[in-house]
Asks: 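Here you go, one structure.
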Amino acid sequence: MRVLIQLRPSPDVVAAVADPATATPAAADVAARLPGVALDEGYTPVALPRPVPTGRDADPLSMDQELDFSLAASDATVLVRGEISDRDFGARLSLLSSARSDVVGVFSDPVIETCPTCGGDPPVGDWRDVGHLLKVADLRAEGLDGDGVPLAVLDTGINAKHVTQVMGEQIKIDAKNSWNPTGVKGKPGEFKVDHGTMCAFDAMIAAPKASVIDIPLLRSQRRGGSALDGLLSDAVAAFAHLRTVLDALPQDSKRLVVSNSWGSFSPAWDFPVGQPGNYSDNAAHPFNVAVASLERAGADVLFAAGNCGRDCRDGRCAYPDRPIVGANSHPSVLSIGGVDVRNERVGYSSQGPGRLSRRKPDICAYTHFSGSKAFGDGEPDSGTSAACPVAAGVVAAIRTKWPVSKLSPAQLRTFIQRTADDRADAGFDFDYGFGILDVMGVLQALQRRAKRVS
Amino acid sequence: MSADEPTVLITVRLPRGARLRDAMDRLELDRDEVDVEYGLVPVDPDDGLYALRVTRAAAVRAGQRPDAEGPFADPRIEPFGPPEPREDD
């Protein structure tokens, strides 16, 4: 168990620890050898003032009265840090106190953590902060702004007027290649302001000149669902449409970025795991095959990891464990978790392992910032729903000068994974994946590749 | 088929450029068993793999044929945001 040990060394040692003008003695010099304690020699000893009652005839043992705090060498004590084996912990504590008369007390030193950002919390930073963290100025200086890159947003439809108004930059809607699922009415870029508008806005932070393909997938009218949901079969059809878009592009400028901020929340809507028709755990499901096929043809496919993180998961999450399911966990896509602009994982960002591929999420990108105002003033662009298009925008920006003929989707994924800013455990972990998207790291890796190729 | 009827997916292997009529003939499906608006969707055109949205009964029947597979789940999908609080929060 990790412990804090309160000592009363000689007054000259206390004075040296307490005096900010002198170099603090090392823990080993203050504590010497403490029997049964593995002393943390990297921890600088801290002087602890003695509480002194201010009133005459006060109770010397009560903390519930007016107190002064004395750092005088004759009053103060010193804290050091260490670890005592959990085995026979009580006996070890008793022996320590009897062996060393200068040990005043031993206290637990529990792990403390910050509270993660959760759904319902106010925004953390704004979209300009995100642009700064994504090094958008450096991307633009390199001519990487998404110009001419098709970027498909499969969502609830986009309101182009709103995006343009809030961002102050004209969104380019590619009406010719936009597509509606069966029964969905509405024109590209003219849908009600909602989730899809947020996604388009967030993709434009890094790729303001991208040609946005509007696919209102989540406005399916079938089977009496809610206003904003759809069926996976509509996604199969949407991917088939995108394949025709991709195949029509000239070979030397082929590129297509596909941003998907949606998924399946409940196993109740699926066939049981193990049945041949199951979606969540089955790479042979038609949609998972369609994803692999589109990626193989040259598309960069990104999926949100989901909002079922253990700290504060979305109320709709119904998978008891491993909530990154189906295509969101596909080995041929980038699964995107969420961090706030302080580089801390948001509490709702789904953790791995994934169901089709264990090593998910791949990376994290920014979310929970003030951005599109699609849900009203003061409401953040949130969920891994926002993180996914933020990352998709970076991919689209890179594709401005890096078509598939120069860099395959698998190669680009590898660059993004290898250069990510590693967090938590060293290397891959199930909270952050390979780390937080590092645009400068990717750019430098691409520059090295360009030199090698030339 | 009614727009409210629950559906599932099946897949069938057909030559490139195949149409819905070809798939229905091959799998002996009636018009009222198939979502004709959805049509015949290429899943992996390089591999000649196509999908249809059909009634569950039709999927079970067609899935027994050697050139078809299914039924496959057609689950509901939803946007991942904004995160909705849990009821007990």
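Chain letters run A, B, ... following the sequence lines, proteins first, then strands; residues in each count from 1.
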Asks: Considering only heavy atoms and a distance below 4.5 Å, find which of A:Val346, A:Val289, A:Leu217 pairs most often with chain B.
Replies: A:Val289
Asks: With side-chain contact (heavy atoms from CB on, under 4.5 Å) as the test, would you mind laying out the steps for B:Phe80 and A:Arg316 before giving the verdict?
Replies: CA-CA 10 Å; B:Phe80 278 156; A:Arg316 293 171 291 176; 5.7 Å; no
Asks: Counting only heavy atoms not in A:Lys254, do more than 12 sit closer than 6.0 Å to its NZ atom?
Replies: yes
Asks: Let's go through A:His285 and B:Leu9 carefully: what are the C-alpha distance in whole Å and the side-chain angles of both, what is the deciding distance for side-chain contact (heavy atoms from CB on, under 4.5 Å) to 0.1 Å, and is it a yes or a no?
Replies: CA-CA 9 Å; A:His285 186 280; B:Leu9 289 165; 4.1 Å; yes
Asks: A quick test of your reading: do over 12 heavy atoms of other residues, nucleotides or ligands sit less than 6.0 Å from CZ of B:Arg61?
Replies: yes
Asks: State, yes or no, whether a side-chain contact exists between B:Glu78 and A:Asp314 at a heavy-atom distance under 4.5 Å.
Replies: no
Asks: Of the backbone (N, CA, C, O) and the side chain (C-beta and beyond), which part of A:Ala305 lies under 4.5 Å from a heavy atom of chain B, both, or neither?
Replies: backbone
Asks: Do you know which two heavy atoms are closest between B:Pro83 and A:Asn307, and how far apart they sit?
Replies: CG-ND2, 4.0 Å
Asks: Please test A:Phe287 against B:Asp74 for side-chain contact (heavy atoms from CB on, under 4.5 Å), starting from the C-alpha separation and ending with a verdict.
Replies: CA-CA 9 Å; A:Phe287 184 60; B:Asp74 188 10; over 6 Å; no
Asks: Can you check whether B:Pro71 reaches A:Phe271 side chain to side chain, under 4.5 Å on heavy atoms?
Replies: yes
Asks: Holding to ring pair (Phe, Tyr, Trp, His ring centres under 6.0 Å), I want the full list of residues that pass it with A:Phe191, two or more places apart in sequence or in another chain.
Replies: none
Asks: CD of A:Glu295: more than 12 outside heavy atoms within 6.0 angstrom?
Replies: yes
Asks: Heavy atoms only, distances under 4.5 angstrom: which of A:Ala237, A:Gly120, A:Ser264, A:Gly119 has the most pairs with chain B? Name it, please.
Replies: A:Ala237
Asks: Just wondering, more than 12 heavy atoms not from A:Arg310 lying within 6.0 Å of its CZ?
Replies: no
Asks: With distance as the sole test, does B:Tyr38 use its side chain to make a donor-acceptor pair with the main-chain N or O of A:Ser233 at under 3.5 Å?
Replies: yes
Asks: Where on A:Ala297 is there a heavy atom nearer than 4.5 Å to chain B: the side chain, the backbone, both, or neither?
Replies: neither
Asks: Hey, mind stepping through B:Ile77 and A:Leu218 against side-chain contact (heavy atoms from CB on, under 4.5 Å) and telling me if it holds?
Replies: CA-CA 7 Å; B:Ile77 52 175; A:Leu218 303 175; 3.8 Å; yes
Asks: Given heavy-atom pairs under 4.5 angstrom as the criterion, report whether the side chain, backbone, both or neither of A:Pro286 touches chain B.
Replies: both
Asks: Just wondering, do B:Arg53 and A:Val236 contact through their side chains at under 4.5 Å, heavy atoms?
Replies: no
Asks: With a 4.0 Å cut-off, would you call A:Asp270 and B:Arg76 a salt bridge?
Replies: no
Asks: Taking non-hydrogen atoms and a cut-off under 4.5 angstrom, which of residues 40-50 of chain B neighbour chain A?
Replies: B:Val41, B:Pro42, B:Val43, B:Asp44, B:Pro45, B:Asp46, B:Leu49
Asks: Non-hydrogen atoms of chain B under 4.5 Å away: do they reach the side chain of A:Phe375, the backbone, both or neither?
Replies: side chain
Asks: Looking at A:Gly383, A:Ala374, A:Cys388, A:Ser385, which one has more heavy-atom pairs under 4.5 Å with chain B than the rest?
Replies: A:Ser385
Asks: So which part of A:Asn328 gets closer than 4.5 Å to some heavy atom of chain B, the side chain, the backbone, both or neither?
Replies: side chain
